[in-house]
Amino acid sequence: MSLTELQTQRARLRKTLRQRRNSLSEAEQRSAKERIVVKLQSLSQWSESSTLAGYLTNDGEVDLAAVMALAWQQGKKTTLPVIHPFNPRTLLFLDYTTDTQMRVNRFNIHEPEPHCTGVIPIATHDIILMPLVGFDARGNRLGMGGGFYDRTLAGVLQNNNRPLLVGTAHDCQQVDAIPIAGWDIPLDIIVTPSQTLFPG
Ligand SMILES: Nc1ncnc2c1ncn2[C@@H]1O[C@H](COP(=O)(O)OP(=O)(O)OP(=O)(O)O)[C@@H](O)[C@H]1O
Ligand SMILES: [Mg+2]
């Protein structure tokens with residue numbers, strides 16, 4: 001398959017899956033956010049973690065506000081992705097607490113106001129909770145199409161002490177096989193409201 005064909009397939013799949021999660025009812029979204037926190041909290045890796053990256057809900061994604069609140073309650077350090085001010089299409093992770101000064105980025109997503117002392121290196125994280133548009137049982141991930149997470153995490157996979165990459169999603173975002181590209185970073189674990197997958 002040519003790269004153009006692959007990109008066309010991926011664009012089509014993104015559209016279908018984004019429509020799917022955006023058509024979930026309020027009740028379904030509420031139940032999803034309540035169930036996903038229970039699933040995450042029961043992971044041994046969650047209990048062992050002290051620093052984790054989350055993300056704020058956008059485009060019908062599962063709301064992780066309760067997940068972040070639980071992390072705070074348990075004394076964990078949390079971060080959020082911020083669009084890198086200098087390095088195009090990459091992310092920085094910034095410290096996130098109830099006092100964090102927020103701003104709206106160019107995708108209309110809230111992010112911490114960037115400042116040097118708030119930057120937490122990727123290697124310091126135990127877990128990175130990753131948003132996704134689609135996933136399969138092998139741990140393949142389709143994002144929103146910017147390549148932000150792929151670019152940001154490209155260097156860390158070889159690292160022995162790298163963070164655990166945990167995809168969080170609605171069940172309706174699962175497909176049999178994601179048409180993958182060479183640069184896609186796979187997930188170690190996928191957590192949905194009804195299941196936890198360990199693609200290994
Ligand atoms: N490590 C990388 N280095 C350079 N370019 C990259 C890298 N990873 C991805 N890209 C580029 O980013 C573009 C988007 O990638 P892709 O379609 O996989 O995004 P995505 O995984 O859906 O998005 P995201 O990672 O933001 O959730 C691709 O065209 C690809 O060329
Ligand atoms: Mg990708």
Side-chain angles (χ1 to χ4, degrees), residues 1-22 32 36 40 52-64 67-68 79-94 96 103-112 114 119-123 125 127-159 162-192 197 199:
M1 197 193 311
S2 73
L3 189 57
T4 318
E5 282 167 345
L6 176 71
Q7 296 289 38
T8 308
Q9 264 196 28
R10 284 157 69 93
R12 207 175 292 137
L13 186 57
R14 257 186 207 110
K15 193 171 169 207
T16 308
L17 294 172
R18 287 181 61 190
Q19 275 169 356
R20 230 183 246 180
R21 70 181 182 190
N22 275 299
I36 208 156
L40 276 167
L52 67 107
Y55 59 91
L56 297 183
T57 324
N58 172 47
D59 196 58
E61 290 162 353
V62 183
D63 187 344
L64 296 187
V67 173
M68 302 307 269
T79 70
L80 285 181
V82 172
I83 299 174
H84 200 296
F86 313 120
N87 200 351
R89 292 184 167 238
T90 58
L91 302 169
L92 279 175
F93 290 90
L94 264 89
Y96 177 52
R103 67 169 192 189
V104 177
N105 69 20
R106 68 177 133 106
F107 298 109
N108 226 7
I109 301 173
H110 286 264
E111 61 176 34
V119 177
I120 311 295
I122 290 174
H125 291 78
I127 293 179
I128 298 189
L129 299 178
M130 289 170 66
L132 58 89
V133 172
F135 69 93
D136 66 26
R138 288 196 201 89
N140 296 312
R141 167 184 180 274
L142 187 71
M144 286 285 272
F148 285 85
Y149 277 90
D150 289 325
R151 250 185 234 99
T152 307
L153 298 172
V156 310
L157 287 189
Q158 296 85 339
N159 201 329
R162 69 183 182 84
L164 192 74
L165 306 181
V166 180
T168 46
H170 293 287
D171 290 287
C172 64
Q173 292 172 251
Q174 182 167 9
V175 295
D176 285 342
I178 295 285
I180 47 169
W183 58 79
D184 285 326
I185 305 284
L187 300 160
D188 299 308
I189 298 182
I190 299 145
V191 181
T192 74
L197 300 173

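Predicted, not measured: the structure shown is a model, and the values here were computed from it. Note that these values count all heavy atoms, side chains included, but never hydrogens, waters or copies made by symmetry. First listed ligand is number 1; within each ligand, the first listed atom is number 1.
Nearest to atom 8 (N) of ligand 1 by heavy atom, out of F148, W183, Y149, is W183.
Residue contact check: G145 has heavy atoms under 4.0 Å from atoms 14 (C), 19 (O), 20 (P), 22 (O), 23 (O) of ligand 1. Against a heavy-atom cut-off of under 4.0 Å, R10 is close to the following atoms of ligand 1: 16 (P), 17 (O), 18 (O). Those atoms of ligand 1 that come under 4.0 Å of a heavy atom in M144, given as number and element, are 22 (O), 23 (O), 27 (O). Interface of A154 with ligand 1, defined as ligand atoms under 4.0 Å from a residue heavy atom, comprises 1 (N). Atoms of ligand 1 lying under 4.0 Å from at least one heavy atom of R141, given by number and element, are 21 (O), 24 (P), 25 (O), 27 (O). Listed by number with element, the atoms of ligand 1 under 4.0 Å from a non-hydrogen atom of Q7 are 29 (O).
Between A181 and ligand 1 there is no heavy-atom distance shorter than 4.0 Å. The shell of residues lying under 4.0 angstrom from ligand 1, judged by heavy atoms, excludes R89. R14 counts as a contact of ligand 1, since one of its heavy atoms falls under 4.0 Å from the ligand.
With hydrogens and angles disregarded, no donor-acceptor distance shorter than 3.5 Å links the side chain of N87 to the backbone of T90. In this structure a side-chain-to-backbone donor-acceptor pair under 3.5 Å is present from D136 to I178.
Donor-acceptor pairing under 3.5 Å is recorded for the side chains of T79 and H125. A donor and an acceptor atom, one from each side chain of N140 and D184, are nowhere located under 3.5 Å apart.
Of the protein's non-hydrogen atoms, G147 N, 2.9 Å is the one closest to atom 23 (O) of ligand 1. Considering only non-hydrogen protein atoms, atom 21 (O) of ligand 1 sits nearest to D150 OD2, 2.8 Å. Atom 5 (N) of ligand 1 has as its closest protein heavy atom R151 NE, 3.5 Å.
Here the two rings, on F93 and Y55, have centers that are 6.0 Å apart or farther.
In this structure, P114 and V119 have side chains that are not in contact, with every pair of non-hydrogen atoms separated by 4.5 Å or more. Looking only at side-chain heavy atoms (C-beta outward), M68 and L80 come within less than 4.5 Å of each other. Proximity of E111 to I83: side-chain heavy atoms (C-beta onward) are separated by under 4.5 Å at one or more points. Within the 4.5 Å cutoff, the side chain of R141 has heavy atoms near those of the Y149 side chain.
Of all the N, O or S atoms in D184, the one closest to the Mg ion (ligand 2) is OD1. Closest to the Mg ion (ligand 2) among the N, O or S atoms of D150 is OD2.
At a 4.0 Å heavy-atom cut-off, ligand 1 does not touch L132 at all.
We find the CG-CD distance between L132 and E61 to be 8.0 Å, quoted to the nearest 0.5 Å.
At a 3.5 angstrom cut-off on N or O pairs, G143 counts as close to ligand 1.
Remark: of the listed residues R21, R20, R18, R21 is the sole one forming a side chain to side chain contact (heavy atoms under 4.5 Å, CB included) with Q173.
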